[in-house]
Amino acid sequence: MFYRMMMVTKSLQLVVLLVCCLTIITIKCANATQNPNKYSVNPTIVHSAVSKGAVCLDGSPPAYYFEPGFGDGAENWIVHLSGGAWCMNVTNCQDRATTSNGSSKKMGQLDFQGIHSKNESQNPDFYNWNKVLVAYCDGGSFIGDSEYIDPTNNSTKNLQFRGQKIFYAVLEELLEKGLKNAKNAILAGSSAGGYPAILYCDYFRDSLPIKSRVKCLVDSGYFVHFKNPVLERFWSWRYGGVAALQGAAKTLPKSCTSKMKAELCLYAENIQEYTKTPFFLYMSAFDNIETQYTLGDEKYTTIDEGKGSACLNASLREMRSDFLNAIPKGNDPKHRGVFIDAMHHHTSLIGRWSLEVALEINNVSAPIAFADWYFDRKYRYLIDEIHTMPVKNTFKNVTYVL
């Protein structure tokens, strides 16, 4: 009997050992195949926001994507406002409301990468921070607080423009999730999310402890008001429509709207002077959304290939000049840092943030330039002065599709 019990015990030990070995092998295999530069995140739906009137275009709750920090980055946060252009009229917005850019019902899993990467070698300064991407579903750069009621009583065509309330509601939830105790925090925004990163920069700063290091990052969202009316015409139409639909006259700062029309206050150059918190501008002097919206879709390939006519090239030089004159000046880089390249591309925090593919100016890569500026190691103000015409986009961006 004793011998039989010993055999059973040894058999059980062998089974346990085998299970443990298989578990270790499985974990090691999983770790070996996992790509720290890119991983999937599910949306977090903010159901409580609905009672506060903070809803997407179709009336569904807003959402964000969240990956918790770890190690010594557990108390540091990046809150990233997603971009995705704008809708400028009712029909355009109704179409948008049926997509993930207007409804959380359509949002699915999302790949995090770039500044959200967990790869220390490629994202050394922020790899282990808490990372948040706020989904963009209001069509108006998170500024609106109005609604459209369809006159035919078809409720499916009603629209809610509640971007401002979405920002406040999501921020409130993030503060309770641990952001209120942040030691370091960044409010970032890409493309259409870049403007609100400036607009709400001070509010974000004031929501956090006074001892926290808090700064903002604008990624390809500083679209300028061109002096030439021919170059400006499509932007005036675009921003005029956004301002009217979103009720911008009552939501944007009175410090700006008391001096000029609300649509003019949608240009970052007209509100940045009121922002006290430091921010960093990361953009191309030949942003390809800027050139597309200004000069037309048909000229994109021509510009990218450097085959523009003399007239087109003159327009590009004029656009660059207006842009460089509009951005914050370099006399106070501690307060206003910049990295302005000349490649014909749009947005950088996702597809171009890894050190192996990041753009450089004067042998300094954009991620290092920003990190030095953010951590007060060196205040960077870098502009590509060599290339006064667009450089071909040799690396196609990997961008979020919400």
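Heavy-atom basis, side chains included; hydrogens, waters and symmetry copies ignored.
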Which of parallel (below 30°), tilted (30 to 60°) and perpendicular (above 60°) describes Y239 and W86?
-> perpendicular
Between [X] and [Y], do the side chains contain an N or O donor and an N or O acceptor separated by less than 3.5 Å?
{"X": "N130", "Y": "N76", "answer": "no"}
{"X": "N89", "Y": "T91", "answer": "no"}
{"X": "D111", "Y": "S40", "answer": "yes"}
{"X": "E173", "Y": "Y64", "answer": "yes"}
{"X": "T277", "Y": "D202", "answer": "yes"}

[X] with [Y]: basic N within carboxylate O range, under 4.0 Å:
{"X": "E75", "Y": "K183", "answer": "yes"}
{"X": "E385", "Y": "R320", "answer": "yes"}
{"X": "R213", "Y": "D376", "answer": "yes"}

[X] side chain to [Y] backbone, donor-acceptor under 3.5 Å:
{"X": "S258", "Y": "K254", "value": "yes"}
{"X": "N123", "Y": "I115", "value": "yes"}
{"X": "S117", "Y": "Q113", "value": "no"}
{"X": "Q272", "Y": "P328", "value": "no"}
{"X": "S284", "Y": "H345", "value": "no"}
{"X": "S309", "Y": "L312", "value": "yes"}
{"X": "H335", "Y": "K276", "value": "yes"}
{"X": "D145", "Y": "Q164", "value": "no"}
{"X": "T291", "Y": "N288", "value": "yes"}
{"X": "S190", "Y": "S82", "value": "no"}

Exercise: identify the closest heavy-atom pair between [X] and [Y]:
{"X": "L187", "Y": "P196", "answer": "CD2-O, 4.4 Å"}
{"X": "V214", "Y": "Y374", "answer": "N-OH, 4.5 Å"}
{"X": "N92", "Y": "M88", "answer": "OD1-N, 3.1 Å"}
{"X": "S207", "Y": "L175", "answer": "O-CD2, 3.8 Å"}
{"X": "P62", "Y": "A54", "answer": "CD-O, 3.0 Å"}
{"X": "G53", "Y": "R162", "answer": "O-CG, 3.3 Å"}

How far does [atom1] of [X] sit from [atom2] of [Y], to the nearest 0.5 angstrom?
{"X": "I303", "Y": "M389", "atom1": "CD1", "atom2": "CE", "value": "8.5 Å"}
{"X": "M319", "Y": "L231", "atom1": "CE", "atom2": "CG", "value": "6.5 Å"}
{"X": "K307", "Y": "N313", "atom1": "NZ", "atom2": "CG", "value": "13.0 Å"}
{"X": "T99", "Y": "D95", "atom1": "OG1", "atom2": "CG", "value": "9.0 Å"}
{"X": "C201", "Y": "L217", "atom1": "SG", "atom2": "CG", "value": "10.0 Å"}
{"X": "C256", "Y": "L199", "atom1": "SG", "atom2": "CG", "value": "10.0 Å"}

Verdict with supporting geometry, S191 and T347, side-chain hydrogen bond (donor to acceptor under 3.5 Å, both in side chains) = CA-CA 6 Å; S191 192; T347 71; over 6 Å; no
For L57 and Q160, run side-chain contact (heavy atoms from CB on, under 4.5 Å): C-alpha distance rounded to whole Å, both residues' side-chain angles, the deciding distance at 0.1 Å, then the answer.
-> CA-CA 5 Å; L57 284 172; Q160 296 293 321; 6.0 Å; no
Candidate pair F234 and Y293, rule side-chain contact (heavy atoms from CB on, under 4.5 Å), full reasoning = CA-CA 7 Å; F234 292 123; Y293 286 176; 5.6 Å; no
Could [X] and [Y] be counted as a cation-pi pair, given that NZ or CZ must be under 6.0 Å from the ring centre and within 45° of the axis?
{"X": "R336", "Y": "Y381", "value": "no"}
{"X": "K118", "Y": "Y39", "value": "yes"}
{"X": "R377", "Y": "F370", "value": "no"}
{"X": "R380", "Y": "F339", "value": "no"}

What I'd like to find out is whether the side chain of [X] reaches to under 4.5 Å of the side chain of [Y], using heavy atoms alone.
{"X": "I361", "Y": "I383", "value": "no"}
{"X": "I143", "Y": "D138", "value": "no"}
{"X": "D287", "Y": "F223", "value": "yes"}
{"X": "I198", "Y": "Y222", "value": "yes"}
{"X": "R233", "Y": "T294", "value": "no"}
{"X": "I350", "Y": "H116", "value": "yes"}
{"X": "Y65", "Y": "V132", "value": "no"}
{"X": "Y203", "Y": "L171", "value": "yes"}

Do the two ring centres, one from [X] and one from [Y], sit under 6.0 Å apart?
{"X": "F142", "Y": "F167", "answer": "no"}
{"X": "F126", "Y": "W129", "answer": "yes"}
{"X": "Y300", "Y": "H344", "answer": "yes"}
{"X": "W77", "Y": "F66", "answer": "yes"}

Is it the case that over 12 heavy atoms from other parts of the model lie below 6.0 angstrom from the [atom1] atom of [X]?
{"X": "K227", "atom1": "NZ", "result": "no"}
{"X": "K177", "atom1": "NZ", "result": "yes"}
{"X": "K52", "atom1": "NZ", "result": "yes"}
{"X": "D150", "atom1": "CG", "result": "yes"}

Could you please spell out the steps behind the side-chain hydrogen bond (donor to acceptor under 3.5 Å, both in side chains) verdict for N119 and S121?
-> CA-CA 6 Å; N119 187 338; S121 67; 2.7 Å; yes
Any chance you could lay out the side-chain contact (heavy atoms from CB on, under 4.5 Å) test for C137 and N101, step after step, and finish with the verdict?
-> CA-CA 5 Å; C137 66; N101 277 331; over 6 Å; no
Just one of L81, I271, V218 clears the side chain to side chain contact (heavy atoms under 4.5 Å, CB included) bar with Y195, so which one?
-> I271
Step by step, would you call R205 with K215 a side-chain contact (heavy atoms from CB on, under 4.5 Å)?
-> CA-CA 7 Å; R205 159 68 278 181; K215 300 181 183 181; over 6 Å; no
